[in-house]
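Naming convention: chains lettered A, B, ... in sequence-line order (proteins, then strands); numbering from 1 in each chain.
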Protein chains: 2
Amino acid sequence: MNTIIPQKKRPGRPPKQIGGQHETRTALLRAGVEVLTEKGFTATGIDEILRRVGVPKGSFYHYFNSKEAFGADVIETYARYFSRKLDCYFLDESFPALERIANFIADARSGMQRHGFRRGCVIGNLGQEMSALPDAYREQLIGVFGDWESRLARCLEVARAEGTINQMSDCAALATFFWIGWEGAVLRAKLELNAKPLDIFSEAFFAGLSR
Amino acid sequence: MNTIIPQKKRPGRPPKQIGGQHETRTALLRAGVEVLTEKGFTATGIDEILRRVGVPKGSFYHYFNSKEAFGADVIETYARYFSRKLDCYFLDESFPALERIANFIADARSGMQRHGFRRGCVIGNLGQEMSALPDAYREQLIGVFGDWESRLARCLEVARAEGTINQMSDCAALATFFWIGWEGAVLRAKLELNAKPLDIFSEAFFAGLSR
DNA sequence: CACAATACTAGACCGATCGTCTAATTAACT
DNA sequence: AGTTAATTAGACGATCGGTCTAGTATTGTG
């Protein structure tokens with residue numbers, strides 16, 4: 001698909017660059033996000049990521065102390081990427097709040113479709129694997145969900161203010177519910193290789209809002 | 001916890017027993033269900049299961065052709081166990097249909113609690129890992145979800161007949177929605193090590209039914 | 001009651017993977 | 001010019017997962 005820069009790197013200290021430093025490190029993290037999105041942490045070997053980026057092991061352990069440290073960085077990278085995406089949708093004032101959410105869902109849906117439903121969500125994947133993962137990841141993952149939750153909750157509060165959802169709604173609880181169900185839907189879509197689970201869940205979610 | 005019979009087995013053909021044949025095989029499958037419920041397929045090594053049961057590797061490959069074949073059997077074992085459990089609740093005529101569902105949820109909830117929220121659902125775990133798993137599992141897992149879905153749908157139809165849910169409800173769709181969200185809730189409960197995700201989801205699900 | 005067939009255990013073996021470590025290479029700094 | 005910093009190169013050992021061959025005890029048969 002995209003990816004893969006099998007370009008051999010010369011050894012030795014690289015010339016000082018003004019802008020893009022740490023290209024290799026960035027490339028490793030990017031590849032890490034892609035692979036962990038697809039296969040999770042345990043099933044992924046360092047070598048696979050290395051091969052993808054065209055980098056030998058020496059470089060990897062120059063930039064990261066261990067696979068565990070690498071994983072933590074991948075989580076952070078993904079979380080940053082994702083919360084930017086959420087803001088991009090949830091704060092877009094050119095749409096009413098509920099449509100912003102629908103737009104996010106549509107984007108995520110088409111993203112999964114574009115990758116043949118092989119890629120899911122790094123956070124969901126690692127959450128599922130948690131019992132076989134470094135325990136330090138737990139708080140990190142919980143934190144990411146918390147972040148997503150509060151961003152969505154704020155958007156739902158806007159919807160409540162706009163009067164498009166029930167005035168009595170507990171936006172925080174609704175947001176929690178959304179991400180719980182969404183992860184389930186992503187998992188199921190990956191399993192069945194189609195978008196129906198996403199559609200069924202989001203339809204039910206929106207139906208619940210107007211109640 | 002429970003488990004572990006480190007009792008050394010003597011080699012050679014065992015004396016003919018009348019009742020419990022294939023004890024070892026059964027023990028391996030039982031251990032497999034336990035471990036896969038907790039850690040999934042990829043993160044689990046054969047050795048771990050072997051150690052748990054107190055059986056050497058040779059025995060394993062006597063009973064199963066490969067880890068893949070073993071996994072398929074574990075899925076089947078778990079599916080059988082689970083659909084019996086579902087029937088036990090969903091067909092219990094001493095309760096109205098909606099309460100039967102609530103009873104199932106309560107049981108699953110307390111089961112997770114009893115195991116410190118370390119154990120989730122074999123089918124959900126393997127579904128998440130699917131991209132790193134033998135492709136043959138896909139249809140098997142989809143089939144299991146289909147089975148659960150139809151059992152729940154039937155129960156919801158009883159509820160509709162009883163008038164406790166909206167007459168216009170699409171019971172099949174509701175059942176699909178339930179299992180999507182339920183798996184998400186289990187995953188989240190495992191991550192956060194508490195029952196809140198289960199409660200939030202089930203509350204929202206029941207709220208949606210009366211709409 | 002010999003002796004083959006059967007049922008199962010024992011653990012050696014190979015390959016893969018993880019993480020480390022030394023050497024090599026090149027640019028920057030002084 | 002010489003030293004230090006940054007990075008690549010990839011061999012290496014330890015560990016572990018999965019497979020397979022050999023061995024041992026019991027059953028069944030003529």
Side-chain angles (χ1 to χ4, degrees), chain A residues 5-29 31-32 35-36 39-74 129 132-134, chain B residues 5-29 31-32 35-36 39-74 129 132-134 136-137:
Chain A
I5 315 159
Q7 192 185 67
K8 275 278 174 189
K9 285 254 187 168
R10 285 162 44 247
R13 182 169 183 164
K16 199 171 193 178
Q17 290 177 1
I18 329 108
Q21 214 115 16
H22 289 320
E23 306 173 23
T24 303
R25 191 188 149 88
T26 308
L28 286 170
L29 284 173
V35 180
L36 293 212
K39 318 198 326 179
F41 189 79
T42 314
T44 300
I46 304 287
D47 281 334
E48 181 181 346
I49 292 170
L50 260 24
R51 237 177 297 122
R52 250 180 130 95
V53 183
V55 152
K57 248 184 188 169
S59 304
F60 183 89
Y61 282 94
H62 172 66
Y63 291 109
F64 306 98
N65 290 327
S66 61
K67 194 192 181 191
E68 171 168 349
F70 175 68
D73 267 0
V74 168
E129 295 181 81
L133 259 42
Chain B
I5 314 158
Q7 191 185 68
K8 274 278 173 188
K9 286 254 189 168
R10 285 166 38 251
R13 181 168 184 165
K16 198 173 193 175
Q17 291 176 0
I18 329 108
Q21 214 114 18
H22 288 320
E23 307 172 23
T24 303
R25 190 188 149 90
T26 308
L28 287 170
L29 284 173
V35 181
L36 293 211
K39 317 197 331 179
F41 189 79
T42 314
T44 300
I46 303 288
D47 279 334
E48 183 180 345
I49 293 171
L50 260 24
R51 236 176 300 124
R52 252 179 129 95
V53 183
V55 152
K57 253 181 186 169
S59 304
F60 183 88
Y61 284 93
H62 171 65
Y63 291 109
F64 307 98
N65 290 328
S66 61
K67 194 191 181 192
E68 171 167 350
F70 176 67
D73 267 0
V74 169
E129 296 181 80
L133 258 43
Y137 287 3

Nucleotide C:dT25, atom C1' - distance to NE2 of A:H62 in whole Å: 14 Å
Under 4.0 angstrom between A:T24 side-chain N/O and D:dT8 OP1 or OP2: yes
Per-nucleotide protein contact string for nucleotides 13-20 of chain C (B base, S sugar-phosphate only, - none; heavy atom under 4.0 Å): -----BBB
Integer-rounded Å distance: D:dG17 P and B:F41 CZ: 13 Å
Main-chain N/O of B:V55 paired to B:S59 side chain as donor or acceptor, under 3.5 Å: no
Interatomic distance where CG belongs to B:L50 and P belongs to C:dC8 [whole Å]: 15 Å
Donor-acceptor contact below 3.5 Å, side chain B:K67 vs main chain B:F41: yes
B:F64 CZ - D:dG17 P separation (whole Å): 18 Å
Distance, nearest 0.5 Å, that separates CZ of A:R25 from CZ of A:F64: 4.5 Å
Listed partners of A:K39 passing side chain to side chain donor-acceptor pair (under 3.5 Å), at least two apart: A:E48
D:dT8 OP1/OP2 closer than 4.0 Å to side-chain N/O of A:S59: yes
Rounded interatomic separation in angstrom, taking CZ from A:R25 and P from D:dA6: 14 Å
Aromatic centroids of A:F70 and A:Y63 separated by under 6.0 Å: no
Nearest to side-chain heavy atoms of B:P56, which nucleotide of D:dG10, C:dC8, C:dA10: C:dA10
Pairwise salt bridge (Lys or Arg N to Asp or Glu O under 4.0 Å) hits with a residue in residues 56-65 of chain B, at least two apart: B:D47-B:K57
